[in-house]
Structures are given as structure tokens and as C-alpha cells.
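As the structure is a prediction and not an experimental result, all values here were calculated from the model. Counting begins at 1 with the first residue of the sequence. What you see below is based on every heavy atom in this structure, not just the backbone, and it leaves out hydrogens, waters and symmetry mates.
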Amino acid sequence: EDQTLLVFSADWCKYCNVAKNDMKNNESVLTELKQYAIIELDYDKDKDFVQGHNIKMIPTFIIFKDGKEQKRMTGYKGPNSLINFLK
């Protein structure tokens, strides 16, 4: 199974930074992330991807499987919400 997680964020976004910190330091989040190839995209720099994926808010997380979007989550409400999204 080929699963990819796209993460749209920006350095100036408080919630994006909290999410990125959890993605690097929270053991439960790290366990779930192991099943994904992770691509981080900058909201300000990667405009083609932002427009192509209809990103209106950040952070936005999108799971792709076999090249097709499976689901997305916008905003960040803590590690548990990300873990549940990734399952």
C-alpha cells in the first residue's frame, strides 16, 4: 500500500508549528506516521500545490492512497485528533 500524507502549513501559523512539533516529538503520533510518506508543503511558497488541492486554511492534512485523495483534515486540535485522522 502506498500512502502519502501531504501537510500544508506556514512558519507564521501557530497551529501549524504545534502540529509539526507533535509530528516530531509525540510518540503516539510518530507511531501512526510510520505508515505514510510525508510531504510538507509551505502555504506561501508552494502556491501551485495550494491551488491544485484547494487549500483554504492551514494546517491542512491530506491522505492519498494509490494517488487518490482519501480524506483531509483542516485545522489542528491536538495530537489525539491527528492520531484519529491517521488511523
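Counting only residues at least two apart or in different chains, ring pair (Phe, Tyr, Trp, His ring centres under 6.0 Å) contacts with residues 61-87 comprise His53-Phe64. Sorted by first then second residue, the salt bridge (charged side-chain N to carboxylate O under 4.0 Å, His left out) pairs that include residues 73-84, not counting sequence neighbours, number zero. Screening residues 7-21 for salt bridge (charged side-chain N to carboxylate O under 4.0 Å, His left out), with sequence neighbours left out, gives Asp11-Lys20. Listed by first and then second residue, the side chain to side chain donor-acceptor pair (under 3.5 Å) pairs that reach into residues 36-51 are Trp12-Asp44, sequence neighbours excluded.
To the nearest 0.5 angstrom, Gln35 atom CD is 11.5 Å from Thr4 atom OG1. Taken from CD1 in Ile63 to CD in Gln70, the straight-line distance is 8.0 Å, to the nearest 0.5 Å. For the atom pair NZ (Lys34) and CG (Leu86), the distance works out to 13.5 Å, reported to the nearest 0.5 Å. To the nearest 0.5 Å, atoms CD1 (Ile39) and CG (Leu5) are separated by 9.0 Å.
In this structure Asn84 satisfies the side-chain hydrogen bond (donor to acceptor under 3.5 Å, both in side chains) test with no other residue, sequence neighbours excluded. Considering only residues two or more places apart in sequence or on other chains, Ile83 meets the side-chain contact (heavy atoms from CB on, under 4.5 Å) condition with Ser28, Val29, Glu32, Asn80, Lys87.
Exactly one of Thr74, Thr60, Leu6, Leu41 qualifies for a side chain to side chain contact (heavy atoms under 4.5 Å, CB included) with Ile55. That residue is Thr60.
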*Given the rule in the side chain to side chain contact (heavy atoms under 4.5 Å, CB included) test, do Met23 and Val7 qualify, once you have shown the distances and angles that lead to the verdict?*
CA-CA 11 Å; Met23 290 173 69; Val7 181; 3.8 Å; yes
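Taking both residues in full, the closest heavy atoms of Ser81 and Gly78 are given as OG-O, 2.7 Å, listed atom of the first, atom of the second, then distance.
Remark: side-chain polar atoms of Asn21 are not paired, donor with acceptor, to backbone N or O of Asn17 under 3.5 angstrom.
Looking at heavy atoms from C-beta onward, Leu82 lies in side-chain contact with Met73 at the 4.5 angstrom threshold.
Under the 4.5 Å side-chain heavy-atom criterion for ILVMFWY residues, a single connected hydrophobic cluster contains both Tyr15 and Ile38.
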